Amino acid sequence: MPHPKIQAISRKYMQSNYHPASIESEAQQYWHNTGAFTASETSDKPKYYCLSMFPYPSGKLHMGHVRNYTIGDVLSRYHRMKGYNVMQPMGWDAFGLPAENAALANNVPPAAWTYENINYMRRQLQSLGLGIDWSREVTTCTPEYYRWEQWLFTRLFEKGIIYKKTATVNWDPVDHTVLANEQVIDGRGWRSGELVEKRDIPMYFFRITQYADELLQDLNKLDGWPEQVKTMQANWIGKSFGVRFAFEIPDEVGTSLPSPAGGRGIEGEGKHPQNNLLWVYTTRADTIMGVTFVAVAAEHPLATYAAQNNPELSVFIDECKHGGTAEADMSTMEKKGMDTGLKVTHPLTGEQVPVWIGNYVLMGYGDGAVMAVPAHDERDFHFAQKYDLAIKQVISPRPQAGEGAGVRDVFSTNEWQEWYATKDGICVNSGKYDGMNYDQAIDAIAADLAAKDLGEKKVQFRLRDWGISRQRYWGCPIPIIHCKTCGDVPVPDEQLPVVLPEDVVPDGAGSPLAKMPGFYETTCPKCGGAARRETDTMDTFVESSWYYARYTSPDCATGLVDERANHWLPVDQYIGGIEHAILHLLYARFFQKLMRDVGVFGEATAEQNLDEPFKNLITQGMVIAPTFYRIADNGKKLWINPAEVDVSTDDKGRPTGATLRADGLPVTIGGTEKMSKSKNNGVDPQAIIDEYGADTARLFMMFAAPPEQSLEWSDAGVEGAFRFLKRLWKATHDHVEQGVMAAYTSGELNAAEKALRLQLHQTIQKVDDDIGRRRTFNTAIAANMELLNALGKFNANSDTARAVMQEALEAIALMLTPIVPHICQTLWSSLRPGSDLLDQSFPQADQAAMVQDEIELVIQVNGKLRGSIRVAKTADKATLEQLALAHEAVQKQLAGASAKKIIVVPGRLINIVA
RNA sequence: GCCCGGGUGGUGAAAUUGGUAGACACAACGGACUUAAAAUCCGUCGGCUUGAAAAGGCUGUACCGGUUCGAUUCCGGUCCUGGGCACCA
């Protein structure tokens, strides 16, 4: 009796036509029944943890998901065939804003909406035929998951990694709610349409800046990450070397300030009362002698002080509070300012410098105040021009040859734009610093400031601490209890998890939890007195910062993870959209270090390297599609889905117009953009799977572009992918119908057979390299197409030829298994009855088949192609030069003259320089 | 505005370390098969140009310039376009 596994899928005869629906459900059923993709920790094979970014359960899969998970599945199945013990999990990033929006629109609890979406999308994922270990499924909105997030929170709170401070949020004055940046449109609330205000509220923060240096340094360990992502992260962290220094505030002002102006001052005992100092940070201390004013944020204590008796200033400060908090808005808005009338003392010159309020200065960054040097900073320059402030040149270009030293007056010409912001100049008009270059000036100035106890060199990061409090319902509750006597008390382990009630329908006005006494009324774990539970939830980025670790121990009830984490971590391959290059990936790297330092992984071995979570990273491009629209009566664009449109083309295939199928009337063709709800240009993957099958969807996605590029959707391209699978099916069917045989291993071959085996084994080598090293699945598929085209021209008219044919068809079935696993499962069991594809290795190229005696070399004259010659592979340089010179085309080009130089590139070309 | 990418035929793309530009597909066009259509198979396919044909020539990888025997690839600049910018995920 054959093995039951094999019996289930073996067919004596192949059907003559390709019917994806039946073979795909059969293959999926088989993988499910045999537990083919359940990962175990006891295998003696090397582990390969392949992770795709988990989806937000928005309702149904979109093409970006299909692309992401197909890439992951190709790599998983390929590594399985290469002898690895593969683990590929899947889960749900289930907390988030869209569930609350759906609740507002449909009056359904976010929990019910989310779980329904998960159930639907899980079935969709399964229909794609992904080799996922579903026993490890993780859903972040379940108490079993977020319990450990709360547990980690309390540990970090006790360590001081989490702390509380105020932060600025977008406040909708009509809906009385905090808005996400996404909900602020042109400075107004998306629902109320009212001007948004900045409001300061208390929030919990992760002290990620404490890890800034390690996060920066460890980028060097990430050899398997794209350079561009590492560069983006390094710039985001933004380590800078500068000088922090202070201007002196007049005593009568300083003593009336509510708090020290600009934060903590310099550590230790100083000569100056901190309230009398206005601190700023600069990377251009070499221009300090050119400071002509100081700009402070609207919320700065000096601004508040100055506004007390100045109504005009109060109005301006209020105005500064309008608008969103997004950095892009801040840096593109019109720079405005107003004089406070106050003056502070320059620490080196003793000059009185005016203090202005600038709407572009943010209280939350650095000290909430900046020095301004209009002569050497573009923003300051425009600001000074606008408000007629002094501009003082203190850097001059290096003297050119033949020019004397000294000030070159470039401000009377347009030349200043060329150089004024560079660091490559000489100090002028700077008293004792005249003649110094950038480094010398910084050293001297920092030393002088330090001597006066008014400044010092300081390393600063652009990276800011991560605020995680959200005034929302559908998120993980922050495990803190506020007690009037004990303060902020973390929820003790035995009271975890703090469960989020799931039957709530938010109404869009503030946090529902804050209106539920049953949730927030509690007692203090320390003193037992009445206390109030925190009603804010955590940023959903927190859940996605550690889920990769939970997959290793999804059912662990005694800790965040157990010893299985040490088996699987780090993730060998991570795959996800380029849009996550900074935030998500930085937070996950941060969490890996936090978990390590809290001791979550116990004793990890050194070679495991648990400092970084993701060894290799692929950032996939977006899926884009054409857009179509009509202008409605109110002037708004009405977007029409591509599926409802017919496009006409000219005789070259260029689109000439489009009509809506429903009414036959024209629609406007828009740009090709990322598939999105707002542009209504999404194509439903389900429709493609239903019509052509999962293999066609997978093949098209992998063929149309390499993973990192954006991918343009094309219905015709999908047809093409389907046609290829039909051709492959027919070729295999035609062969199998004549009877299967043992694949060729040895024996005499004729020229055609030799040529086919040469191409076959070159293809194997290329496909292996394309999938395994280059991750260019498109060229791997193209090579298989070429091979199949060659098989079509190959005459299998002898037993030897049929054995070579068998060898080639088997190899194609194996090479394409990672990409189109369902059809390959059937092809394989037809080619090798009784054998299971799941047990097969990736084919290996036969070096003997690739030996060539003769090769073709290109002949160039002055770098231009003029012909080619076939030569013995062993031909030496002198022979090659002679052959090339004798070539007819070369003789013609030289026209009797002799060659000046001959360049021979072995195995490639001969270039004759005339 | 700042940081990081991208730009190659009618279209998606390929060219892996500076060495034959356009592999493989899609579309289009021509042909075979068919009563016909679909499907399938075969052929042509960057632009300009010489030639009856066979076969050639020039030009061409967003734009301008540079390095090199040779540049889609390296360098400098410009334009256009995509991603991110800390509360979308």
Side-chain angles (χ1 to χ4, degrees), chain A residues 53 55-56 58 93 96-98 169-170 178-184 226-229 231-236 238 325-333 360 378-379 462-472 539-541 544 577-584 586-587 619 621-622 624 649-655 671 673-674 703-706 708-721 723-724 726-727 730 766 769-770 773-774 776 778-779 781-786 789 792 856-865 868 900-903 905 908-909 911-914:
Chain A
M53 290 182 186
Y56 177 79
S58 55
D93 187 15
L97 206 47
V169 295
N170 304 308
V178 176
L179 297 177
N181 284 337
E182 189 192 48
Q183 299 170 317
V184 179
E227 279 307 317
Q228 62 155 309
V229 174
T231 306
M232 278 192 264
Q233 292 219 349
N235 290 340
W236 184 262
T325 57
E327 191 183 303
D329 297 337
M330 304 298 294
S331 58
T332 49
M333 72 185 177
Y360 59 90
E378 191 172 359
R379 186 179 61 187
R462 203 188 78 96
L463 181 69
R464 311 196 298 262
D465 278 339
W466 174 16
I468 52 147
S469 294
R470 299 289 179 270
Q471 299 67 46
R472 302 191 200 293
D539 182 358
T540 57
F541 268 125
S544 55
I578 183 65
E579 66 272 19
H580 296 293
I582 295 176
L583 290 181
H584 162 64
L586 187 69
Y587 293 150
T619 50
M622 294 173 311
I624 58 180
T649 55
D650 63 14
D651 58 0
K652 289 220 162 179
R654 276 179 286 237
E673 300 189 49
K674 178 180 179 173
F703 180 60
E708 312 233 331
Q709 282 182 34
S710 63
L711 182 152
E712 189 177 320
W713 183 260
S714 150
D715 289 327
V718 174
E719 284 276 359
R723 271 203 291 272
F724 170 71
K726 281 197 286 192
R727 277 200 297 273
K730 185 168 185 300
K766 177 178 173 54
D769 188 49
D770 281 353
R773 180 182 63 89
R774 300 176 66 211
T776 51
N778 54 333
T779 51
I781 293 164
N784 275 289
M785 287 175 168
E786 285 182 78
N789 291 343
E856 188 169 284
L857 288 187
V858 159
I859 297 181
Q860 294 180 339
V861 177
N862 292 332
K864 280 192 176 157
L865 177 69
S868 67
K900 281 184 196 149
K901 194 172 164 188
I902 301 177
I903 290 154
V905 182
R908 287 208 180 260
L909 56 76
N911 186 19
I912 289 154
V913 184

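These numbers were taken from a predicted model, which means no experiment stands behind them. Note on naming: letters A, B, ... go to the chains in the order of the sequence lines (proteins, then strands), and numbering restarts at 1 for each one. The analysis underlying the following values was restricted to heavy atoms, covering all of them including side chains, and did not include hydrogens, waters or symmetry mates.
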* Asked: What about A:Thr332, does its side chain sit under 3.5 Å from the base of B:rG1 through a donor-acceptor pair?
  -> no
* To do: Check every strand shown and say whether A:Ala326 touches a base, only sugar-phosphate, or nothing at a heavy-atom separation below 4.0 Å.
  => sugar-phosphate
* Asked: Quantified in whole Å, what is the C1' atom distance between nucleotide B:rC88 and nucleotide B:rG84?
  -> 13 Å
* To do: Provide, to the nearest angstrom, the distance between the OH atom belonging to A:Tyr360 and the P atom belonging to B:rG1.
  => 17 Å
* To do: Mind calculating the distance between CG (A:Asp539) and P (B:rA86) to the nearest angstrom?
  => 12 Å
* Choose from B:rA13, B:rC4, B:rA86 the nucleotide whose nearest atom is closest to any side-chain atom of A:Thr231. => B:rC4
* NA contact type, A:Thr540, heavy-atom cut-off 4.0 Å: base, sugar-phosphate, or nothing? -> sugar-phosphate
* To do: Using a heavy-atom cut-off of under 4.0 Å over every strand shown, decide if A:Ser710 touches base, sugar-phosphate, or nothing.
  => sugar-phosphate
* Could you tell me which nucleotide pairs with B:rU67 by Watson-Crick or G-U wobble geometry, both distances under 3.5 Å, or answer none if nothing does? => none
* **B:rA86 OP1/OP2 closer than 4.0 Å to side-chain N/O of A:Arg470** => no
* Calculate the interatomic distance between A:Lys766 atom NZ and B:rA14 atom P; express it in whole Å. => 10 Å
* Classify the glycosidic conformation of B:rG9 as syn or anti, calling it syn when the angle lies within 90° of 0. => syn
* With a 4.0 Å cut-off on heavy atoms, is A:Gly238 in touch with a base, just the backbone sugar-phosphate, or nothing at all? -> nothing
* To do: Mind checking A:Lys864 for me? I need base, sugar-phosphate or nothing, with any heavy atom below 4.0 Å counting as a touch.
  => sugar-phosphate
* To do: Identify whether any heavy atom of A:Gln860 sits under 4.0 Å from a base atom; if not, whether one sits that close to sugar-phosphate; answer base, sugar-phosphate or nothing.
  => base
* Examine the base of B:rC69 for any acceptor or donor lying under 3.5 Å from a partner atom in the side chain of A:Asn911, and report the outcome as yes or no. => yes
* Asked: Below 3.5 Å, does any donor atom in the side chain of A:Gln471 face an acceptor in the base of B:rC87, or the other way round?
  -> yes
* Asked: If you take atom types as modelled and just measure distance, does the side chain of A:Arg773 reach the base of B:rU16 with a donor-acceptor pair under 3.5 Å?
  -> yes
* **Between B:rU16 and B:rG10 - C1' atom distance, rounded Å** => 28 Å
